[in-house]
*Asks:* 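Quick one: structure below, then a few questions.
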Amino acid sequence: MDFLQTILEAKLKEVADMPETAVTRQEDRPSLYHLIRENPEHIHLIAEIKRASPSKGIINQEVDILKQARDYQEAGVSAISVLTSETYFNGSFTDLNRISQVVDLPILCKDFIIDEKQLIRAYNAGASIVLLIVAALTVQKLKELYDKARKLGLEVLVEVHNEKELAAAEALGAKLIGVNNRDLKTFDVTLETSVALAPHQSETVYISESGFRTAQDVRKISSNFQAILVGENLMKATNVTKKALELQVTRND
Ligand SMILES: O=P(O)(O)OC[C@@H](O)[C@@H](O)c1c[nH]c2ccccc12
């Protein structure tokens, strides 16, 4: 069984045990889509809080997540992504909720969402964006969760890894599309995934996810993408602010 299948099985069990919760009102956060569209002069950074991952094991277990989030905000990042999956990532909805109280930026709930209950939890915990992974859902389920998330007022980042999934995300009308450079089945990471897909619809914001280490890496994808999503490299940086500033490169095209 590949990783994606394994985690989806774990999520099915998690969701079955998850109590139904009522929607509680959230503070408004700025829209990531508009923030990016209105400031096209540099590559936007979505900085992630990621203690561990299935491919790398422990990345930074000792991190003070609130300080890390404040450092990201001070470095001018455009959104903060918080892993909420306990399984394999050592994250939680409590992390998301605590972070939402110390930053004003858009916040992405990073999880394997397969059920509406998770959308409501993400929303109640303070997220303004949720991730939906095309490879993890049927076309019908993807549409259903996308519509439900939009109804709650959430933005949706639709994640793809190949041409077929990209077409599905575009057909859905997704405004934020993420190309994951990491194959969730094998964990292979290459920026070539983003370079080769070269997405280009004019009303869509494209985000290249995973595997970025330097400004030079970012320049490889900057003609087709408006933003990048970075976890490990920021979580391991000795100077978080400096690394975050380095990755927000100015567009020269
Ligand atoms: O740590 P990296 O290589 O910078 O990657 C960050 C982010 O893209 C990655 O955490 C991610 C992208 N899509 C996901 C889906 C689920 C879990 C994690 C992810």
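Just follow the structure's listing: the first ligand is 1, and inside any ligand the first atom is 1.
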*Asks:* Using the side chain to side chain contact (heavy atoms under 4.5 Å, CB included) rule, take Lys110 and Leu157 through it: C-alpha gap first, then chi angles, then the decisive distance, then the call.
*Replies:* CA-CA 10 Å; Lys110 197 62 140 9; Leu157 172 57; 5.6 Å; no
*Asks:* If you have a sec, work out which protein heavy atom is nearest atom 10 (O) of ligand 1 and how many Å separate them, to one decimal?
*Replies:* Glu48 OE2, 2.6 Å
*Asks:* Sorted by first residue and then second, give each side-chain hydrogen bond (donor to acceptor under 3.5 Å, both in side chains) pair with at least one member in residues 128-140; sequence neighbours left out.
*Replies:* none
*Asks:* At a non-hydrogen distance cut-off of under 4.0 Å, which region of Phe212 contacts ligand 1 (side chain, backbone, both, or neither)?
*Replies:* neither
*Asks:* Identify, by atom number and element, the atoms of ligand 1 in contact range of Leu229, meaning under 4.0 Å from any of its heavy atoms.
*Replies:* 6 (C), 7 (C), 8 (O)
*Asks:* Looking at atom 11 (C) of ligand 1, what's its closest protein heavy atom, distance included?
*Replies:* Lys110 NZ, 2.8 Å
*Asks:* Just which atoms of ligand 1 are under 4.0 Å from any heavy atom in Val230?
*Replies:* 4 (O)
*Asks:* Starting from atom 13 (N) of ligand 1, find the nearest protein heavy-atom neighbour and note its residue, name and distance.
*Replies:* Glu159 OE1, 2.7 Å
*Asks:* Check this for me, if you would: do Lys175 and Glu155 make a salt bridge, where the nitrogen-to-carboxylate-oxygen distance has to be below 4.0 angstrom?
*Replies:* no
*Asks:* Specify the protein heavy atom at minimum distance from atom 16 (C) of ligand 1: its residue, its atom name, and the distance to 0.1 Å.
*Replies:* Phe112 CZ, 3.3 Å
*Asks:* Out of all atoms in ligand 1, which are within 4.0 Å of some heavy atom of Glu232? Include the element for each.
*Replies:* 1 (O), 2 (P), 4 (O)
*Asks:* Would Gly231 count as being in polar contact with ligand 1, using the rule that some N or O on each side must be under 3.5 angstrom apart?
*Replies:* yes
*Asks:* What do you reckon, does Met235 put a non-hydrogen atom under 4.0 Å from ligand 1?
*Replies:* no
*Asks:* Closest non-hydrogen protein atom to atom 8 (O) of ligand 1, residue and atom name please, with distance?
*Replies:* Ser210 OG, 2.7 Å
*Asks:* Show me which atoms of ligand 1 lie under 4.0 Å from any heavy atom of Gly211.
*Replies:* 2 (P), 3 (O), 4 (O)
*Asks:* Could you list all the salt bridge (Lys or Arg N to Asp or Glu O under 4.0 Å) pairs where at least one residue sits in residues 176-198, not counting sequence neighbours?
*Replies:* none
*Asks:* Among all protein non-hydrogen atoms, which one is nearest to atom 17 (C) of ligand 1, and what is the separation to 0.1 Å?
*Replies:* Phe89 CZ, 3.6 Å
*Asks:* May I ask you to check if ligand 1 and Asn233 share an N or O to N or O distance below 3.5 Å?
*Replies:* no
*Asks:* Using the rule that Ile, Leu, Val, Met, Phe, Trp and Tyr join whenever any side-chain heavy atoms are under 4.5 Å apart, tell me whether Val249 and Tyr72 fall into a single cluster.
*Replies:* yes
